Engineer: 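Would you mind keeping the following structure in view while I ask a few things?
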Amino acid sequence: MKHPVPSIAILLVLFCISWRSASSQTSSHSGDAEGHQWWQHAVFYEIYPRSFADSNNDGIGDLKGITSKLDYLKDLGVDAIWISPCFPSPQVDFGYDVSDYENIDPMYGTLADFDMLTSEAKKRGIHVILDFVVNHTSDQHQWFLDSKSSRTSAHRDWYIWRDGKGPGQPPNNWVSTFGGSAWKFDPTTNQYYYHYFYAEQPDLNWRNPAVKDAMFDVTRWWYKRGVAGFRLDAVDTLFEDPNLRDNPIQKPGKNAFGDPFEEKKYNTKLPEVHEVLRGLRQVADEHNAVLIGETWTADVAELNQYYGQSNNELQLPMDFLFTMVNKLSPAEFRKQIAAVDAASGWPTFVISNHDIVRSYDRYGDGKHNDQIAKLMAALYLTLRGTPIMYYGEEIGMKTTPPTRQEDVKDPIGRTGWPKEKGRDGERTPMQWNSSENAGFTKGTPWLPVPPTYKTHNVADESKNSDSVLAFYKKVLKLRHTNQALLEGNYKAINEDDANVLSYLRTHKDQTVVVVLNMSDSPQKLNLDLKRNGFASANSLLSTAKSTAKGEEVQLEPYGIFIGQLIK
Ligand code: GLC
Ligand code: CA
């Protein structure tokens, strides 16, 4: 396949195309002009800590490593970093199995290292966001160890325990999104516990008020330590049908793990999640903090539900439908941008993360990958909304999955091989320079460094004004200094053009035009500026052979023209 879609992403989205009778909401557009919160003007950057920078050369990235790269991030134009889980964890799901929410895993450092990181970040005006794994803990968390110890233990009801239907039969047909039954039998108490993800990640019972209190307190604990918000992991899966009804089967056949295709009707997106989100938001508001959501929504009506009826839930629910536009199609991007622009809250744009194939590979054609990487940067960094970058995207890092099953680290890649190769490919070490191991570590990196580090690395790209990195810096600088890009409303123009995506961003009397050639041939177009009251466009940032004259714009293949409109 030319643009491989990650099968984990498909799995996650499939369950979204499901049972919602999306309650209609009045879509009151949040103001674009004034009164923005800090997170609306900020550019976020996701760091996968294992892979960013290794300070003690054990092959695994760490907090001191991140601190040592803050100047780089500041210079790049990053205002907030979201660090994927760095809490104590057996690392079955590489940190998404937390065994203590109020500490740092020794492999990443100490709480003192964390305090150092936040204080150094603060000096540079960078906010620190943590990843809050709300749906489940590790099976090694004290809460679960106590829970499984006896049917009458203090924490028994903190997780979801049920009798089987009969000998060797789980309570219902639910399958784990990571393969196999979502129920694991525990012989100590002769009951099954529920796990939406790996068996080592038992789901918390959010119907128990004690769970809610303990988890809310975790956020308070980190806010007091200077954390500016959380990315909430897997919020869709917080609640389950109390009657445990069987999920319907969507279609015949088996998925990569050999399980039936289930519609996750009774174990995802239950309405009860919204009460929890409103509560978490109240606590966040007391600390001027932001809540980002890992929200796999099927449409904007669902996305609106995550903003909350009066914008009192998540400030930044991620729009993954944008990542599902899997070809460079102006029509499809136009449609998706318009939908999100009309959502009831402030848009959030993401093109890559630690669970999906990097945008570099999803959109790259193998010949113009760097130009296309710049094009994608010019797109999602000039839209109305908050962008969340993913480490390495700014240098054109390539997804590099393992080629042999025995090299796979991500468990789903081992169980799902060869259909599902896991997520190692998008988690490879950051490429800092062209020395051994790309300057990530002097030890043996936990995942191999892709061969592209020789051509795509921070040091070399910093010296090359035509690099992907140089372009990212320019567009981020423009975004930070241009009021129309920061706050302006969004208006699509030339909507019938099949090759070029164009739009205006207007704030007060300032208008910027963004023109993106999504084709491999040169394009010439008339912007019809007079209709919008303008005569011409002055380039603010364009690729070498893309220019404007009066109303006319000429673009090289995958060319970019960003200009200020003049009356
Ligand atoms: C989210 C994370 C993913 C993790 C899963 C279970 O989807 O992004 O990496 O495996 O939750 O915690
Ligand atoms: Ca290390």
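Below, each value reflects all heavy atoms present in this structure, side chains not excepted, and no hydrogens, waters or symmetry copies. The structure displayed is predicted, hence computed values, not measured ones. Start at 1 and go down the list; that is how both ligands and their atoms are numbered.
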Engineer: Distance alone, cut at 3.5 Å: any donor-acceptor contact between the side chains of E393 and S352?
Structural biologist: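 Indeed, the side chains of E393 and S352 share at least one donor-acceptor pair under 3.5 Å.
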Engineer: Would you kindly say whether D146 and Y159 are connected by a side-chain donor-acceptor distance under 3.5 Å?
Structural biologist: no
Engineer: How wide is the angle at the Ca ion (ligand 2) spanned by N56 OD1 and D58 OD1, rounded to 10 degrees?
Structural biologist: 90°
Engineer: Using heavy atoms and a threshold below 4.0 Å, how should the contact between R427 and ligand 1 be classified: side chain, backbone, both, or neither?
Structural biologist: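 Side chain only.
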Engineer: State, without any angle test, whether T441 and W446 hold a side-chain donor-acceptor pair at a distance under 3.5 Å.
Structural biologist: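 Not at all, the side chains of T441 and W446 share no donor-acceptor pair under 3.5 Å.
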Engineer: What atoms of ligand 1 come closer than 4.0 angstrom to any heavy atom of R423?
Structural biologist: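 It comes down to these atoms of ligand 1: 3 (C), 4 (C), 9 (O), 10 (O).
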Engineer: From the options F197, Y198, Y196, W296, select the one whose nearest heavy atom is closest to atom 5 (C) of ligand 1.
Structural biologist: F197
Engineer: Find, among atoms of D54 that are N, O or S, the one nearest to the Ca ion (ligand 2), and state its name.
Structural biologist: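 It is OD1, the N, O or S atom of D54 closest to the Ca ion (ligand 2).
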Engineer: Give a yes/no answer: is there an N/O/S atom of N57 under 3.0 Å from the Ca ion (ligand 2)?
Structural biologist: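 Looking at N57, which is the residue asked about, there is no N, O or S atom under 3.0 Å from the Ca ion (ligand 2).
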Engineer: Could you tell me which atoms of ligand 1, counted from 1 in the order shown, lie closer than 4.0 angstrom to a heavy atom of D93?
Structural biologist: 4 (C), 5 (C), 6 (C), 10 (O), 12 (O)
Engineer: Would you indicate whether Q282, at its atom CD, is surrounded by more than 12 heavy atoms from other residues, nucleotides or ligands within a distance under 6.0 Å?
Structural biologist: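 Count not over threshold, so no.
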Engineer: Mark up the atoms of ligand 1 that fall under 4.0 Å of a heavy atom belonging to H354, in ascending order.
Structural biologist: 2 (C), 3 (C), 8 (O), 9 (O)
Engineer: Do we see a donor-acceptor contact under 3.5 Å between the side chains of R278 and N312?
Structural biologist: no
Engineer: So, 3.0 Å as the limit: is an N/O/S atom of K64 located closer than that to the Ca ion (ligand 2)?
Structural biologist: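 K64 does not place any N, O or S atom closer than 3.0 Å to the Ca ion (ligand 2).
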Engineer: Within less than 4.0 angstrom of ligand 1, does E46 place any heavy atom?
Structural biologist: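 No, E46 has no heavy atom closer than 4.0 Å to ligand 1.
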Engineer: Looking only at side chains, do E394 and Y45 share a donor and an acceptor under 3.5 Å apart?
Structural biologist: yes
Engineer: Could you pull out the atom name of the N/O/S atom in D62 that is nearest the Ca ion (ligand 2)?
Structural biologist: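 Going through the N, O and S atoms of D62 one by one, OD2 ends up nearest to the Ca ion (ligand 2).
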Engineer: For the residue pair Y391 and W82, is the inter-centroid distance of their aromatic rings smaller than 6.0 Å?
Structural biologist: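 Ring-ring flag for Y391/W82: false, centres at least 6.0 Å apart.
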Engineer: Taking only heavy atoms of F178 into account, list the atoms of ligand 1 that are under 4.0 Å away from them.
Structural biologist: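 So the answer, numbered in order with elements, is 10 (O).
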Engineer: Without hydrogens or angle criteria, can the side chains of D131 and Y96 be said to hold a donor-acceptor pair below 3.5 Å?
Structural biologist: yes
Engineer: In ligand 1, which numbered atoms sit nearer than 4.0 Å to a non-hydrogen atom of H136?
Structural biologist: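 In order of numbering, the contacting atoms are 6 (C), 12 (O).
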Engineer: Any cation-pi pair here, R225 with W221, using under 6.0 Å and within 45°?
Structural biologist: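 That pair qualifies as a cation-pi contact.
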